[in-house]
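The structure under discussion is supplied below as structure tokens; questions concerning it will follow.
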Amino acid sequence: MKNQTFLSALFSALLLSLLMACSNDDNNNQPIHAAKQIEFKLSFSDYNTEDSIEGTRAVSVPAKKEIIPMGNLFAEISVQRDTTRAPKEEQKAMTRVLVNGKYRIYAYQGSTQKGMMTGTMASNTFTPDGGLKGMSLMPGTYTFICVNEKVDVSGSLWTVSRENIETARMGITENVNIAAAPKLQQVTFNMKHVGCRVRMRVSTEGYYTSALTTTLASVNNIPQQATFNPATRTFTYGNTAAYSQSIVPNSSPVPYQYFFPGTKISDLKYTLNSGTVYKLPVSGRYWTFPGQPTMTLNGAYVLNITLKYNYIYLYSDGTTGQYTDADFTSHTPVAMVVSRGKRLAIALKDANMGTISWSDALTKSQNTGNTTFNDYLNDFRGEDYTWSTTYSTDGLIKGNEQTKYPPFYIAAHYDPGVTLTGGIANAKWFLPSIGEWNLYFKNLMLSNDDLKDGGAGYLWRPDEYGFARGGGLPLGSIVSIGGDNAYYTFYVSSSEINFSSYYGMGRYRKEGASTASPGLYYNDNYLIPVLSLTKAGGVGPFTTYVVRAFIHY
């Protein structure tokens with residue numbers, strides 16, 4: 001009897017196990033209704049998503065810069081990945097645009113399409129058309145592909161045309177296991193751009209551009225269509241043709257240009273069509289980008305063009321040259337050329353570090369014949385006033401008088417840190433006249449106007465970058481103060497007005513950060529061109545009287 005009971009229990013257990021196995025086989029053979037049992041989520045990737053930094057422009061690898069000489073100008077060219085994410089409001093607006101329209105989701109096993117359904121998107125969730133029907137899938141491993149309606153899926157090979165390159169999106173999610181268990185599953189698509197994006201960034205150093213128009217064009221034919229094989233999940237790019245687009249650089253909104261992956265940046269040419277930079281016409285100047293990479297899917301790039309004024313430097317051996325010269329690094333710059341006609345140059349650094357008086361006595365020491373300010377602007381006799389007695393009323397050579405005429409002595413004994421040889425072996429440093437400072441103002445600071453008696457605002461400062469490239473320091477660089485303070489730097493001239501005053505060129509600055517010379521302090525940097533200054537010297541804690549020597553070569 002006990003044996004019969006045991007056998008009966010064993011038979012029941014085996015029967016139950018068999019029924020459960022049959023039930024599992026039945027579940028595995030039952031299709032999964034994708035619309036009902038799979039939730040499809042869509043996220044939209046910005047360009048260069050892997051490298052993006054909110055609100056910043058960064059590069060994963062430092063951009064390689066190329067120097068292009070152009071006489072009085074030169075261009076510094078570089079290409080970098082544009083890792084700026086769009087502002088959140090712009091991202092929201094972009095998403096709203098993408099929501100409008102149809103999406104298609106395809107299911108593949110290997111190279112075989114197993115299903116497809118269409119729908120719309122709301123709150124980043126795909127909603128199938130036709131309610132909960134949609135595609136049915138057997139349990140297994142799948143690759144899902146989602147595209148928006150900007151991708152043409154009418155054939156076995158899908159295409160994206162140039163007109164849709166900006167808005168076409170595709171997401172591919174691989175190795176998704178669709179289980180037999182009747183539970184809600186989730187598949188997420190990272191919807192990427194099918195194309196690439198480029199923006200031009202044209203900048204200058206301390207100066208403005210005027211009426212600049214440009215063209216970005218191809219020097220060789222570039223791809224005009226992307227073709228996608230859903231069976232192999234691979235792209236090819238073709239239908240090559242010429243490309244040309246007019247661009248107003250640095251305008252708002254940003255004039256992005258769109259390309260297909262496979263486009264070589266080295267196949268692009270950027271041309272300046274009109275406008276001026278540093279008061280120079282730039283029409284017809286152009287650049288290519290040799291040796292630059294090929295664009296990649298969902299990539300974004302910045303093509304940087306920095307236009308710089310190509311100052312002329314006086315070297316310690318008496319020769320002159322520019323930063324773009326092949327032998328520049330074999331010379332030692334000691335000054336920046338102010339006037340080639342007058343063979344006049346300004347030292348790269350200030351000659352003194354503190355407040356000084358013009359003279360030790362309130363007496364008239366010069367007989368120049370100047371009566372109007374215009375007379376002073378046309379007076380270029382700074383070397384005579386420093387080293388000659390021709391215009392001296394006391395018969396003294398001011399450049400030798402350390403106590404009686406401190407700024408003249410300081411300028412005359414300026415040490416550039418290297419011995420002068422060649423054609424300037426016997427040249428003498430001197431205290432410039434206000435007329436020579438005016439040449440500096442117009443030729444190196446690129447002002448359209450002369451210095452003005454009494455002062456006037458002037459915001460541009462390309463000269464600072466010229467000093468920096470020559471290994472020098474910009475005007476006003478010896479003062480560095482903390483706190484929210486403004487300070488004045490007055491550059492002493494040799495132009496005496498009367499027994500108690502002389503002309504000086506001034507700078508007003510406010511605490512901030514210098515672009516050209518880190519460590520300096522200013523937010524505002526504008527010239528107070530000419531003031532009548534007392535010979536007695538400084539008038540406050542944030543006022544400094546400075547000497548910058550000039551030289552003839």
Side-chain angles (χ1 to χ4, degrees), residues 27 30-47 49 86 88 90-161 163-195 225-235 297-298:
N27 285 338
Q30 293 299 313
I32 302 299
H33 296 286
K36 182 167 60 176
Q37 294 174 268
I38 304 175
E39 182 182 54
F40 293 98
K41 305 285 287 186
L42 281 66
S43 64
F44 292 87
S45 295
D46 205 347
Y47 289 98
T49 300
K88 290 182 179 179
E90 184 179 323
Q91 291 182 40
K92 290 178 182 177
M94 187 186 306
T95 302
R96 286 193 295 269
V97 171
L98 292 170
V99 166
N100 298 325
K102 293 287 186 179
Y103 290 80
R104 293 179 173 87
I105 293 178
Y106 295 81
Y108 275 81
Q109 282 189 319
S111 60
T112 304
Q113 180 183 320
K114 293 295 185 178
M116 186 277 289
M117 61 181 176
T118 63
T120 57
M121 189 191 74
S123 301
N124 289 75
T125 300
F126 177 83
T127 302
D129 293 335
L132 296 179
K133 293 183 179 179
M135 62 182 175
S136 296
L137 302 173
M138 299 302 294
T141 301
Y142 291 85
T143 292
F144 290 95
I145 307 173
C146 180
V147 297
N148 67 0
E149 62 185 351
K150 302 302 182 180
V151 179
D152 184 351
V153 295
S154 58
S156 59
L157 298 178
W158 304 347
T159 59
V160 177
S161 63
E163 62 200 43
N164 291 320
I165 190 172
E166 179 180 353
T167 51
R169 294 282 191 126
M170 179 181 296
I172 302 174
T173 303
E174 298 181 307
N175 300 319
V176 179
N177 182 36
I178 300 301
K183 64 179 181 179
L184 183 66
Q185 302 176 73
Q186 187 178 96
V187 175
T188 299
F189 292 104
N190 185 10
M191 303 295 290
K192 293 186 176 183
H193 298 273
V194 172
Q225 177 179 286
T227 301
F228 180 74
N229 186 336
T232 60
R233 271 77 77 185
T234 55
F235 277 98
L297 184 75
N298 205 58

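Counting from 1, the numbers follow the sequence of the chain as shown. These numbers come from a predicted model, not from an experiment.
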message = Could you report the tightest heavy-atom contact between Leu297 and His193, atom names first, then the distance?
response =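 That would be CD1-O, 3.4 Å.
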
task = Quick one: pull up OG1 in Thr118 and CG in Asp129 and give me the separation to the nearest 0.5 Å.
result =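 The distance works out to 3.5 Å.
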
message = Minimum heavy-atom separation for Ile32 and Ala180, please, with both atom names.
response =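 Of all heavy-atom pairs spanning Ile32 and Ala180, the closest is CD1-O, 4.1 Å.
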
query = Considering only heavy atoms from C-beta outward, does the side chain of Ile178 approach that of Gln37 to under 4.5 Å?
reply =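 No. Closest side-chain heavy atoms not under 4.5 Å.
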
Which residues share a side chain to side chain donor-acceptor pair (under 3.5 Å) with Gln185, sequence neighbours left out =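 For Gln185 there are no side chain to side chain donor-acceptor pair (under 3.5 Å) partners, ignoring immediate neighbours.
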
key: Arg169 side-chain N/O to Cys146 backbone N/O, donor-acceptor pair under 3.5 Å   =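 Absent.
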
inquiry  = To check you understand the geometry: which heavy-atom pair defines the closest contact between Asn175 and Thr141, and what is its length?
reply    =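 Taking every non-hydrogen atom into account, CA-CG2, 3.8 Å.
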
task = Under the side-chain contact (heavy atoms from CB on, under 4.5 Å) rule, collect the residues that match up with Ser161, sequence neighbours excluded.
result =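 Testing Ser161 for side-chain contact (heavy atoms from CB on, under 4.5 Å), a comparison that skips the adjacent residues, returns Glu163, Asn164.
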
message = Which residues pass the side chain to side chain donor-acceptor pair (under 3.5 Å) test with Thr112, not counting sequence neighbours?
response =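 By the side chain to side chain donor-acceptor pair (under 3.5 Å) rule, Thr112 matches no residue at all.
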
task = Would you mind telling me which of Thr125, Asn124, Asn190 makes a side-chain hydrogen bond (donor to acceptor under 3.5 Å, both in side chains) with Lys41?
result =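 Result: among Thr125, Asn124, Asn190, Thr125 is the only option passing the side-chain hydrogen bond (donor to acceptor under 3.5 Å, both in side chains) with Lys41.
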
ask   = Just wondering, do Asn148 and Met121 contact through their side chains at under 4.5 Å, heavy atoms?
value =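 Of all side-chain heavy-atom pairs linking Asn148 with Met121, none is under 4.5 Å.
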
request  = Identify, with sequence neighbours excluded, every residue that meets side chain to side chain donor-acceptor pair (under 3.5 Å) alongside Ser156.
outcome  =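 Side chain to side chain donor-acceptor pair (under 3.5 Å) list for Ser156, sorted by chain: empty.
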
query = When Val147 is tested against each of Val160, Val153, Ile172, Ile105 for side chain to side chain contact (heavy atoms under 4.5 Å, CB included), which residue passes?
reply =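 Exactly one candidate clears the test, Val153.
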
Expected output: side-chain Thr143 to main-chain Ala107 donor-acceptor under 3.5 Å =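 Between the backbone of Ala107 and the side chain of Thr143 there is no qualifying donor-acceptor contact (under 3.5 Å).
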
inquiry  = Looking at Asn298 and Asp46, would you say the former's side chain and the latter's main chain have a donor-acceptor pair under 3.5 Å?
reply    =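 It does hold such a pair.
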
query = Between Ala168 and Val151, what is the shortest heavy-atom contact and its length?
reply =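 Heavy atoms of Ala168 and Val151 come nearest at CB-CG2, 4.2 Å.
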
query = Taking all non-hydrogen atoms of both residues, which atom of Met116 and which atom of Met135 are closest, and how far apart?
reply =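 So the two residues come closest at N-SD, 3.4 Å.
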
query = Testing Phe40, Phe126, Tyr106, Tyr103 for ring pair (Phe, Tyr, Trp, His ring centres under 6.0 Å) with Phe144, which one passes?
reply =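 In the set Phe40, Phe126, Tyr106, Tyr103, the residue that makes a ring pair (Phe, Tyr, Trp, His ring centres under 6.0 Å) with Phe144 is Phe40.
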
Counterpart residues, side chain to side chain donor-acceptor pair (under 3.5 Å), relative to Thr173 (two or more places apart) =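 With sequence neighbours excluded, Thr173 shows a side chain to side chain donor-acceptor pair (under 3.5 Å) to no residue whatsoever.
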
Heavy-atom closest pair, residues Gly195 and Ile165 =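 So the two residues come closest at CA-CG1, 3.9 Å.
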
key: Partner set under ring-ring contact (aromatic ring centres under 6.0 Å, His included) for Phe228, not counting sequence neighbours   =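 Phe228: ring-ring contact (aromatic ring centres under 6.0 Å, His included) contacts with Trp158, Phe235.
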
